[in-house]
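Structure first, commentary second.
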Amino acid sequence: QQPVQSPQAVILREGEDAVINCSSSKALYSVHWYRQKHGEAPIFLMILLKGGEQKGHDKISASFNEKKQQSSLYLTASQLSYSGTYFCGTEQGGSEKLVFGKGTKLTVNP
Amino acid sequence: DGGITQSPKYLFRKEGQNVTLSCEQNLNHDAMYWYRQDPGQGLRLIYYSQIVNDFQKGDIAEGYSVSREKKESFPLTVTSAQKNPTAFYLCASTNRGYNEQFFGPGTRLTVL
């Protein structure tokens with residue numbers, strides 16, 4: 001079952017914050033977050049495991065609410081380089097395969 | 001440098017022809033994956049392989065075939081049975097467990 005991402009698109013000015021959400025109707029083992037620039041390969045950002053763990057990477061952090069089967073990606077003080085499409089990938093039942101959402105397109109303007 | 005290579009970057013084929021997309025990795029990863037990406041659809045799993053000589057269908061396997069004869073290589077064949085093959089194809093690999101997937105640069109296939 002494909003996870004649902006929201007919003008579909010967001011436009012920011014440099015320095016503003018954003019939150020991208022990912023929700024699933026299935027119980028999740030883990031959630032992966034990736035960023036993709038147009039025409040390029042997705043780049044790994046972070047993995048969150050069940051247990052409500054929160055992780056951070058520079059000014060990008062994420063949380064995982066196992067009970068609600070939801071994950072959120074937080075981008076703080078956005079930079080121009082943050083522009084791209086963000087995908088969450090969810091792993092269900094220890095299957096070792098990911099089901100990706102449709103993506104959230106983030107545009108950061110000067 | 002370790003990584004994943006996909007070739008070619010752009011591929012054009014006539015309708016009704018089979019075509020094979022290459023994916024090679026030198027990361028010593030056990031698991032490899034093929035995804036298809038269409039505008040607005042995210043990444044959809046075609047096939048994946050967790051060990052050599054074994055592979056499983058993903059969500060959209062119809063019209064595709066794969067082989068995994070070597071740990072480093074996981075070629076994908078797009079057959080004439082695939083109704084709408086024009087898309088961006090991404091290959092990925094990972095160590096088994098809760099590890100990140102490393103993606104290749106992709107092959108953009110256009111069927112004329």
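When reading the values below, keep in mind they use all heavy atoms of this one structure, side chains included, and skip hydrogens, waters and symmetry mates.
Aromatic rings from B/F103 and A/F44 are positioned such that their centres are separated by 6.0 Å or more.
Of all heavy-atom pairs between B/P105 and A/A41, the closest is CA-CB, 4.2 Å. In plain terms, the two heavy atoms of B/L45 and A/K97 that are nearest each other are CD2-CD, 3.8 Å.
Taken to the nearest 0.5 Å, the CD atom of A/E40 stands 11.5 Å off from the CG atom of B/L90. The CD atom of B/Q41 lies 5.0 Å from the NZ atom of A/K102; values are rounded to the nearest 0.5 Å. For the atom pair CD of B/Q101 and OH of A/Y34, the computed distance is 4.5 Å after rounding to the nearest 0.5 Å. The structure places CG of B/D59 at 10.5 Å from CD of A/Q1, a figure rounded to the nearest 0.5 Å.
The number of heavy-atom neighbours closer than 6.0 Å to NZ of A/K105, taken from other residues, nucleotides and ligands shown, is 12 or below. Dense packing is recorded around NZ of A/K37, with more than 12 heavy atoms of other residues, nucleotides or ligands lying under 6.0 Å away.
Under the 4.5 Å side-chain heavy-atom criterion for Ile, Leu, Val, Met, Phe, Trp and Tyr, B/F88 and B/Y10 are members of distinct hydrophobic clusters. Cluster membership for B/Y47 and B/Y33, using ILVMFWY side-chain heavy atoms within less than 4.5 angstrom, is not shared. The hydrophobic clustering, which links ILVMFWY residues whose side-chain heavy atoms are closer than 4.5 Å, places A/V99 and A/V31 apart. Connection of B/I46 to B/I4 is not established within any shared hydrophobic cluster, with ILVMFWY side chains joined at heavy-atom distances below 4.5 Å, either directly or through further cluster members. There is a path of hydrophobic side-chain contacts, each under 4.5 Å, that joins B/F55 to B/I60.
Only the side chain of A/Q2 comes within less than 4.5 Å of a heavy atom of chain B; its backbone N, CA, C and O stay farther away. For chain A, the nearby part of B/Y35 is the side chain; its heavy atoms alone come within less than 4.5 Å. Contact of B/Q50 with chain A is made through the side chain alone, with heavy-atom distances under 4.5 Å. Using a 4.5 Å cut-off between heavy atoms, B/L43 contacts chain A through both its backbone and its side chain. Heavy atoms closer than 4.5 Å to chain A are found in the side chain of B/Q37, but not in its backbone. Of the atoms belonging to A/Q5, not a single heavy atom falls under 4.5 Å from chain B.
When atom types are taken as modelled, the side chain of B/Y48 and the backbone of A/L98 share no donor-acceptor pair closer than 3.5 angstrom.
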